[in-house]
2 protein chains.
Amino acid sequence: MSFLYSKSSEYIIRALVYLSNIDKEEYIMIKSISEHTNIPHPFLSKIFQKLAAKKWIISKKGKRGGVKLIADSSKLTLMDIIEWSDGVKDFSQCIFGDRECGDIIPKHDNSVWYPEKQSNCILYDKCNRFKAAIIDFFSNTTISEFKEHNSLFRQ
Amino acid sequence: MSFLYSKSSEYIIRALVYLSNIDKEEYIMIKSISEHTNIPHPFLSKIFQKLAAKKWIISKKGKRGGVKLIADSSKLTLMDIIEWSDGVKDFSQCIFGDRECGDIIPKHDNSVWYPEKQSNCILYDKCNRFKAAIIDFFSNTTISEFKEHNSLFRQ
DNA sequence: GAAATTTAGGATAAAAAAGTCCTCATAAAA
DNA sequence: TTTTATGAGGACTTTTTTATCCTAAATTTC
Ligand code: SF4
Ligand code: SF4
């Protein structure tokens, strides 16, 4: 089902949701996370290097080391993660082409999004309801909403 | 904006929309289509080979040759194209993971889609509204809806 | 029939995404 | 202080996607 974002983004989401369900005092081994979330260990290590640079997690080397979530999971949205990992998506562009759709500046500040100005394309309303649904879902779903949602992971 | 399907699918959609706006009696050169739709010519040629095998278009070699849409553009949906080009997406799978979301069999027979049975995941309602929006848009948008929609293309 | 044009088809290349491996640095525990 | 565990970081490999090239076949026009 990951045709909405890269495999990397999907992994980040899974890993961070997993971390957010863990006691914040503990450091969790990447190896353990990779096993529970079914993400290849070397690949996940790379991801955590970048997540640490981004300061969404901190890591500790050596015995009893691992990683720990420090970002506020109730403020961390899927949009934050996907845009950071895959790049910012320009919703003012046409879904099907390499051209502008209209004078649209998406606002995804955690509020439902509506276009500011309509273009004169036949499909404008239909496309924008669709775009709005995507922006709404991604920018209004936070990592903390998955709390206790262990069914995502292997036990 | 093409993070919903592959570049190939985007190209196919653009090319077929372009063709559907053309007098059905004419054969159109792939070179001309590639220029108007801004798709690399050799790549588009490959695409049309497969489209011809799929019988959505027919082609003619030689002088005054080219391609012509024969599929019924009012029945040809974005879902048809994307699933054929990128592979069938299983909407019963979790958006974020490699597991089932629930006993969901999506029906995208051009009717709005609703889940048959709820899983017990916390995010179920939210995710399924989102999935439904995607399935709805893709399976209820046809190539013919872009008729006269020349703003997609170079003049 | 010859010349010109246009798609078909196979081979190949380039770029991007996904995944792996090895060594080093660091920290805890023995 | 030594041993052991664990992430950091760089180089590398594989796979998938996107894109190109070349020759053959077909069709029209001359
Ligand atoms: S309305 Fe839809 S089809 Fe028209 S330009 Fe915007 S995104 Fe493209
Ligand atoms: S409801 Fe959403 S998060 Fe839960 S299993 Fe289904 S797709 Fe995954």
Side-chain angles (χ1 to χ4, degrees), chain A residues 2-15 19 22 25-70 82 84-87 97-98, chain B residues 2-15 19 22 25-70 81-82 84-87 89 97-98:
Chain A
S2 99
F3 62 101
L4 295 157
Y5 31 76
S6 66
K7 209 86 181 163
S8 281
S9 289
E10 183 192 306
Y11 287 165
I12 296 170
I13 292 167
R14 281 231 294 289
L19 271 185
I22 302 279
E25 295 314 304
E26 292 178 46
Y27 282 89
I28 311 296
M29 277 196 293
I30 295 175
K31 186 87 186 92
S32 157
I33 300 171
S34 88
E35 279 159 7
H36 284 90
T37 56
N38 205 25
I39 300 169
H41 176 239
F43 199 82
L44 188 57
S45 292
K46 284 291 169 222
I47 285 173
F48 272 113
Q49 281 181 30
K50 291 176 196 152
L51 287 174
K54 179 68 179 172
K55 296 208 166 60
W56 280 341
I57 60 118
I58 53 174
S59 63
K60 196 170 79 169
K61 290 182 183 176
K63 247 182 181 169
R64 308 200 40 164
V67 296
K68 187 199 287 190
L69 184 66
I70 53 170
I82 294 165
W84 173 70
S85 167
D86 294 347
D98 52 351
Chain B
S2 99
F3 61 100
L4 296 156
Y5 30 77
S6 67
K7 206 89 181 162
S8 280
S9 289
E10 183 192 306
Y11 287 165
I12 295 170
I13 292 166
R14 282 231 294 288
L19 270 185
I22 301 279
E25 296 314 305
E26 292 178 47
Y27 282 89
I28 312 297
M29 275 196 295
I30 294 174
K31 186 88 186 94
S32 158
I33 301 171
S34 89
E35 279 160 6
H36 284 91
T37 56
N38 204 27
I39 299 170
H41 177 239
F43 198 81
L44 188 59
S45 292
K46 284 290 169 221
I47 285 172
F48 272 113
Q49 282 181 28
K50 291 176 195 153
L51 287 175
K54 178 70 179 173
K55 295 208 167 59
W56 280 342
I57 61 119
I58 52 174
S59 64
K60 196 170 80 170
K61 290 181 183 177
K63 250 182 180 169
R64 307 199 43 164
V67 296
K68 188 200 287 190
L69 183 66
I70 53 168
I81 294 169
I82 294 165
W84 173 72
S85 167
D86 295 347
K89 297 171 198 319
D98 53 351

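Residue numbers begin at 1 in each chain, while the letters A, B, ... track the order of the sequences.
One interatomic measurement links the two molecules: OH of A/Tyr27 to C1' of D/dA5, which rounds to 16 Å at whole-angstrom precision. A/Leu19 places its CG atom 14 Å from the C1' atom of D/dG7, with the value rounded to the nearest Å. In this structure, B/Lys63 atom NZ and D/dA25 atom C1' are separated by 17 Å, rounded to whole Å. For the pair B/Asp86 CG and D/dT18 C1', the interatomic distance rounds to 13 Å; values are reported in whole Å. Counting to the nearest Å, the P atom of D/dT28 and the NZ atom of B/Lys61 are 13 Å from each other. Rounding to whole angstrom units, CD of residue A/Glu26 and P of D/dT6 are separated by 13 Å. Separating the CD1 atom of A/Ile57 from the C1' atom of D/dA8 is a distance of 11 Å, rounded to the nearest angstrom. Counting to the nearest Å, the C1' atom of D/dT20 and the NZ atom of B/Lys31 are 13 Å from each other.
For DNA chain C, the residues of residues 41-56 of chain A within the heavy-atom distance limit of 4.0 Å (strictly under) are A/Pro42, A/Phe43, A/Lys46, sorted by number.
Across all non-hydrogen atoms, the minimal contact from A/Ser34 to A/His41 is OG-CB, 3.7 Å. Summarising the geometry of A/Ser45 relative to A/Ile30, their closest heavy-atom pair is OG-CG2, 3.9 Å, with the distance given to 0.1 Å.
Side-chain contact check for A/Val67 versus A/Ile58: every heavy-atom pair is 4.5 Å or farther apart. When side chains are defined from C-beta on, B/Ile12 counts as touching B/Trp84, because their heavy atoms get closer than 4.5 Å. Side chains of A/Leu19 and A/Phe48 form a contact here, defined as non-hydrogen atoms less than 4.5 Å apart. Taking the side chain as every heavy atom from C-beta outward, B/Ser85 and B/Tyr11 never approach each other to under 4.5 Å. Between B/Ile82 and A/Phe3, every side-chain heavy-atom pair lies at or beyond the 4.5 Å cut-off.
Between the side chain of A/Asp86 and the backbone N or O of A/Ser6, at least one donor-acceptor pair lies under 3.5 Å.
The outermost nucleotides of DNA chain C lying under 4.0 Å from heavy atoms of chain A, listed 5' to 3', are C/dA18 to C/dA29.
By the salt bridge (charged side-chain N to carboxylate O under 4.0 Å, His left out) test, A/Lys31 is found to be paired with A/Glu35, residues two or more places apart in sequence or in another chain being considered.
Nearer to the 5' terminus of DNA chain C, by closest-nucleotide assignment, is the contact made by B/Gly66 (compared with the other of A/Lys60 and B/Gly66).
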